[in-house]
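Some notes on the structure that comes next.
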Amino acid sequence: MAQKAIREADGKKMIARLLKEYTNGKYTVEDRFLTIGPDIDFKQLPTTYKWLMKEKLVVKPDQLIKRRGKSKLLLLNADWKDVENWVKERMSKPVTVGTVTGILDHFIVEPFIVHKETDEYYLAIVSTKDGDEILFHHEGGINVGDIDTKAVRLLVLIGEQPTASDIEKKILGKVPSDRRSLIAGFIEGMYKFYADLNYAYLEINPFVVIDNKIFPLDLAAKLDDTAEFVSGKKWGGIKFPSPFGRILSKEEAFIEDLDSKTGASLKLTVINPEGRIWTMVAGGGASVIYADTITDLGGMNEMANYGEYSGDPNEEFTYLYAKTILDLMTRKKHPNGKVLIIGGGIANFTDVANTFKGIVRAIKEYQTKLRENNIRIFVRRGGPNYKEGLKIMRELGNDVGVPIEVYGPETHMTKIVPMAMNTLKGGK
Amino acid sequence: MATDKKDYLLFTKDTQSFIYNMQTNAVQRMLDFDYVAGRKTPSVAAVVNPTGSDGFQKFFFGPKEILVPVYKQLKTAAMKHPNVDVMINFASFRSAASSTEEAFAIPQIRTIVIIAEGVPERRMKELTVKAKKLGKIIIGPATVGGIVAGAFKIGNTGGTIENIMESKLHRPGSVGFVSKSGGLSNEAYNIVARSTDGLYEGIAIGGDRYPGSNLLDHLLRFEKNPEIKMLVCLGEVGGTDEYTIVEALKKKQIKKPLVMWVTGTCSKAFKTEVQFGHAGAKAGSDTETADAKNAALKTAGAVVPNSFDDYDEKIRMVYDDLVKKKIIIPKPEPDPVKVPMDYATAMKTKAVRKPANFICTISDDRGEELLYGNMSISKVFEKDIGIGGVLSILWFKKLLPSYATKFIEMAIMVTADHGPAVSGAHNTIVATRAGKDLISSLVSGMLTIGPRFGGAIDGAAQMFSEAYDAGKTPQQFVDDMKAKGANIQGIGHLVKSIHNPDMRVTIISSYAKKHFKSTPLLDYAREVEKITTSKRDNLILNVDGCIGICFVDLLRSELTKQEADEYIKMGALNGLFVLGRSIGLIGHYLDQKRLKQGLYRHPWDDIAYMLP
C-alpha cells in the first residue's frame, strides 16, 4: 500500500506500449526490451526476438539496483552469444553492491544504441506534496553527478498539465535549439503518461536523441500501488519485485506465506538470529516503537527481529507465528539467556485474552526449551478484556516455570524494554 | 451553523455529522460516547447509505433507543439537516474520492474525515487542492479519525467505551495531540491521561504519504485554541511533514510547549529498505529519517525525549510546569456516567442470563464447522454416511447402522416418483404449466399427500402395529377391519396382484428379511396378505404398506419401542414419502419447463356438466 518500485523492463515496455497514445502518435519507442528470469530458455529467445541476432546488445541486472555501471554490472556493445554467456555466469549467483548482498535473477537485454555523450539527457518526474516536479538536465548519463543541485526544475501543480512550449521555455534552455521542440514534446507526453498511469517516480537517465528519435536507455520508476484499481489494466499485470538483497529466510518466507492466507497481518524480519532481544508485538505502529526503543536504549546489536501481528489473526495463526519466534530464539543458547518482549499498545476492539490463546499454546509447547535457554518473557498490553488476558499470561508463567512479567496500560508501553534489557547484563 | 464556530474548532459538543456508508458499530460507539460525554443531541444526525434506501435505523442513546434517519443521497441528508457540517466518510478506497467530492459540492459540510486506506496518492492530492480552494478540511485518509474529549468522537476512535472512560476522554483536558498513526491513538490518549489533566483534542491524520491535512495544520489550530495549553505530537519516519513544524517553531507560529517524538529510529538497524506499516513510513533520503527529524525538532525548541520510553515523562514534566505556572488549573473530575452494558457483552461476561425461546437438539451452525448432531460436516463426508445417515441423525437423533441408513435411502429411491398420472405429480404439472415457480408447483403437488395419496405408509404402519401390539391374530385383524367396514391401509393394488408382484415390494421386503435384526411386523403383514389375497388376488401388501411396516421393524430394533412408536405417531413416515416424492415432483416441474408446456386447460368433453 505505497509507492513501489518496478523493474526497468516493465517500465520501458509500458512506455513502448503507451507513449504513442499520450503523444497523439508523434513519439514511438519500439518494444525491444527482453527480461531474462531464472527459468528462461535461451535457445528459444533468438527465434522469438529476431532483433537479438541483428543488433549489438546491452545487458544488465533488472532488480532495482542503483548505479549498475559503477558496480560493473553492465555489458555493452555485445553479441547475443556474449550476452548469453554473461548472463549464465551471473544467474542465481550472489553479488554485493555497496553493503547489500543479493542473488541476481533478473536481467534486461536491449539493443545497444550508439550515441555521443552530447546526445544524453536527464529526465525525472517526482511526486511532491503539491503536485509533481519535472527535473531535467542537458547532460545525462552515469556521470550526471549531483542531480539535486544541477537539474532545472518545473513544478507542475496538481491538476495542471505543462504544454510543450512551457517545458521548452522553462527547462530546455541549455539544449541545442534544433532538439528543443523534440524533447519538449517528449517530456509533455511522458508527463501525461506518468500522471495517467499513477506513477509516483520516474527517472530516465539518460535518454538519448539520435536522428530526431528518442531512446530511453536507463530507467527507474515507482508506481503508486494503491492505484491498481484505476491503472492496473494499463500497467499490464506487472509484479513488484522485492528490494535487492532482501532474501527471505525459511522462517520469514513461512510467515510471509501465513500473512498471505489471512486478512490479518503477520510480519517477520530476522535482523540478527544471534541477537538476544526478541519481540512479538501487536500492531504496526507499536512494533516500530518497540524496535525504536531497543535501538535508542543501545540494544541495536542485540535486536534479533522486527515483526508485528495485527488485525485479529485467529488462534492458529497466532500460535504458528509465536512458535516460529520461539523456535528461532531457542536454537542457540547464551550464558546470560535471552528475552522475549510480548508488547502492544491498547487494542481498539480486539479481545486481548483471545489473541493470547495462540501465544500461550506455543509457550506451553516450548516450555522446556525456554527454560533451557534461560528465557525471560515480558508482557505489556491493553484493550478489551486485557485483565483476563494478563491473568492468563501470569498464570502461564507459574505453570511452565518460565519467568513472565506482565503489565497493563497503567505501565508505559515501552517500559518493559529497559526492564528486559537490564536482565541481559547480569548473570540472572 | 458553521459560521458561529471559531475556525480552529472543527468539532464541539453541538457538532453533528453524517456517516457515509452504513457503519452501525461505529455509529453506536459514537452515540455511546455522546452519552458519557453528556451531549444533548446525538453526534450522528443521519447515515448516508448510497446502496440502501431512505428510512431509519435504531440505535441506543444511553439506556433508550432512538431512530437515526438514513438517506440514500447525501444531498437529501444535507437538505433535511442544515446544521450538519461534518461528514465521516466510511466509503471504500475505490469510492472514497468520489464520495468526498460529493461532500465538496455541499456548502454546509466543512470537515470530511476519510477512513479508507488505499486512496491513490494522485487522487488524494487533487482532493486536498480542491478542499483548500473550497475552505474545507480533510482528515485522513487511512485514519481512525480523532476525538474532542467530552464533545465529539469520530467513528471508532478511542476503542471500547471502557477504554474511553479509562483514558478520560469523556471530559476535556488541556492537551492537543496529533499523530499520523491511528493505531497508536488509544495508547497516546492513555499516556496523555496518565501524565496530564487529559486530552482536549486528538487527531490522527492517517499514515498516507499525502494526507488531506498534515500535522502542522492541526498543531496550528491547537495553538489558536485557548483551551489547549500544551501540544503533543507523534511523527514518523519518511516524508518531510515534520520539518514544517520545525519551521513553525522557528517562526514562533507555535508558542505553546510542544512535546514531540518521531518514530522509526530503528530504521538504521535494517540493511535493506523496510516499509513499515504506513504508506508514508519509508525514509527516501537522510533528512526523512527519524533521527534527523528528532534532532531538528529539538534544535527548534520542541521537547524531544531520548526515546519513546521517556515520552510520558517529558509530557508530565511540561504539564507539571504549566500547573506550577498556573497556566493550567486542574479541574475536579466530573461524576462518571455509565453506559448500560450491551446484552451480548453481559452474556459473555456471564453477568446476565435469560431463558431461551427456542431449543434445537439436532444441528449447530455457530462453530467453526456445521454440526449434524455431534458430527461435524467434514466427518459426515469422511465417514461417507450418505443421505440416509444424515436423515437418521437429523430425524432420529442418532446415526443408525449402515444397513438401516441404506434402507432409508432405498425408501427414498422407491418413493421418488410414480409417473405423471398420480395426484401429486398431476398437480405439480398443472401448476407448472400455469407458470408458477418451482416452490409453488412443488407445494401444489405436495398438498395432495394425505390419507388417500401417499399416506398409506403412515397409515399401514399405525394400523398394523396397533393390531400386532394388541395381540390380534392376522385373521382377527382382518375380521375386525371387515366388521368396521374399513379398508386395511397398505393392502391392495390397482394392477399388481399375487401373480404379478410389485418389484418394489419384492426389493424392499427381501432387503428387510436379509438385513434387519428381526421383522415381526413384516411377517405379520405377510400373514394378513395371505388371508386377503385368498379373497381377491390384488389385495397384496403394496409398496406403501411394505415401506411403512418395514420401517416400524427397523425403528423398533434400533430405538426403544416407545421412541419408535412416538416417531411413527409424529408422522415421520409421511415425512419419508414427502421427502422421496419431492425428487419426482421437482423432476416433473423441470420437465414441463424444459418442454415449454403451455397453460393446461381441462377439455370440456372430459367434464360431465350436470347442472340441475
Side-chain angles (χ1 to χ4, degrees), chain A residues 1-4 99-100 102 127 129-131 157-159 195 198 200 224 226-231 242-246 265 267 269 271-272 283-297 300 303 306 308 310 345-349 382-384 409-410 412-415 417-418, chain B residues 25 93-94 117-123 125-126 128-129 142 144 156 158-160 162-163 166-167 181-184 186-187 189-191 194 207-210 214 236-237 240-241 263-266 268-282 290 306-309 311-313:
Chain A
M1 305 291 267
Q3 301 182 357
K4 286 215 179 127
T99 57
V100 182
S127 169
K129 196 166 147 272
D130 303 312
L157 291 173
I158 196 78
N198 280 292
D224 170 12
T226 57
E228 206 271 333
F229 74 99
V230 187
S231 307
S242 306
F244 176 70
R246 177 121 171 76
S265 167
K267 302 272 183 301
T269 305
I271 302 168
N272 171 16
S287 64
V288 174
I289 290 183
Y290 276 91
D292 282 355
T293 307
I294 295 167
T295 311
D296 298 334
L297 300 184
M300 191 165 112
M303 184 156 66
Y306 166 77
E308 60 114 354
S310 57
I346 298 173
N348 253 329
F349 304 108
E410 70 291 340
H412 185 60
M413 189 173 87
T414 52
K415 270 290 168 284
V417 174
Chain B
N25 285 340
F93 65 91
R94 285 170 189 275
E117 182 176 351
V119 180
E121 291 177 354
R122 177 162 294 274
R123 268 312 255 142
K125 287 195 254 182
E126 285 166 13
T128 307
V129 168
V144 67
N156 292 318
T160 57
E162 292 79 15
N163 190 60
E166 272 178 45
S167 299
S181 171
L184 275 170
N186 284 359
E187 192 58 46
Y189 302 155
N190 176 48
I191 293 172
R194 286 175 194 283
D208 274 7
R209 202 166 182 92
Y210 303 111
N214 53 41
E236 198 173 81
V237 58
T240 54
D241 218 16
T263 70
T265 55
C266 66
K268 53 184 173 285
F270 299 93
K271 277 186 194 148
T272 60
E273 237 179 20
V274 173
Q275 170 84 58
F276 296 120
H278 289 153
K282 182 148 89 178
N306 297 317
S307 81
F308 185 84
D309 203 40
Y311 193 42
D312 60 334
E313 289 162 34

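Bear in mind that the values here come from a model prediction, so they are computed numbers and not experimental data. Letters A, B, ... are given to chains in the order of the sequence lines, protein chains preceding strands, and every chain is numbered from 1. Heavy atoms only: backbone and side chains are in, while hydrogens, waters and symmetry mates are out.
Interface check for chain B: of the options A:Ala195, A:Gly382, A:Gly131, the most heavy-atom pairs under 4.5 Å are formed by A:Ala195. Contact tally against chain B (heavy-atom pairs below 4.5 Å) for A:His412, A:Met300, A:Met303: the top residue is A:His412. Considering only heavy-atom pairs separated by less than 4.5 Å from chain A, the leading option among B:Arg94, B:Glu313, B:Glu126 is B:Arg94. In terms of non-hydrogen atom pairs under 4.5 Å with chain B, the most contact-rich of A:Asp292, A:Asp296, A:Asn198, A:Ile346 is A:Asp292. Options A:Ser287, A:Ser265, A:Pro418 differ in how many heavy-atom pairs under 4.5 Å they form with chain B, and the most are formed by A:Pro418.
Interface residue A:Ser127: backbone and side-chain heavy atoms are both found under 4.5 Å from chain B. Neither the backbone nor the side chain of A:Val417 comes within contact range of chain B; no heavy atoms are under 4.5 Å apart. Interface remark: B:Asn156 contributes backbone and side-chain atoms alike to the contact with chain A (heavy atom separation under 4.5 Å). Using a 4.5 Å cut-off between heavy atoms, B:Glu162 does not touch chain A at all. Neither the backbone nor the side chain of A:Glu228 comes within less than 4.5 Å of any heavy atom in chain B.
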- CA sep, side-chain torsions, deciding dist, call: B:Glu121, A:Lys4, salt bridge (charged side-chain N to carboxylate O under 4.0 Å, His left out): CA-CA 12 Å; B:Glu121 291 177 354; A:Lys4 286 215 179 127; over 6 Å; no

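Below 30°, between 30° and 60°, or above 60°: for A:Phe229 and B:Phe93 the angle between ring planes is above 60°, a perpendicular geometry.
With a 4.5 Å cut-off on side-chain heavy atoms, A:Lys129 and B:Asn214 count as touching. Using a 4.5 Å heavy-atom threshold, the side chains of B:Arg122 and A:Ile158 count as touching. Annotation: side chain of A:Val288 is not in contact with side chain of B:Glu236 (no heavy-atom distance under 4.5 Å).
Closest non-hydrogen pair, B:Thr265 versus A:Thr295, comes out as O-CG2, 4.0 Å. Of all heavy-atom pairs between B:Leu184 and A:Gly285, the closest is CD1-C, 3.6 Å. Minimum heavy-atom separation, A:Thr226 to B:Pro120: OG1-CA, 3.2 Å. Taking every heavy atom of both residues into account, A:Thr414 and B:Phe308 meet most closely at CG2-CD2, 3.5 Å.
Taking CE of A:Met413 as the start and CG of B:Asn190 as the end, the distance is 10.5 Å to the nearest 0.5 Å. Taking CD1 of A:Ile294 as the start and CG of B:Asp309 as the end, the distance is 11.0 Å to the nearest 0.5 Å. One distance of note links CD1 of A:Ile289 with CD of B:Glu187; it measures 8.0 Å at 0.5 Å rounding. Between the NZ atom of B:Lys125 and the CG atom of A:Asp224 there is a distance of 9.0 Å, given to the nearest 0.5 Å.
With sequence neighbours excluded, no residue forms a ring pair (Phe, Tyr, Trp, His ring centres under 6.0 Å) with B:Tyr210.
In this model, a donor atom of one side chain and an acceptor atom of the other lie less than 3.5 Å apart for B:Asn186 and A:Asn348.
A donor-acceptor pair under 3.5 Å links the side-chain atoms of B:Arg194 to the main chain of A:Pro409, judged by distance alone.
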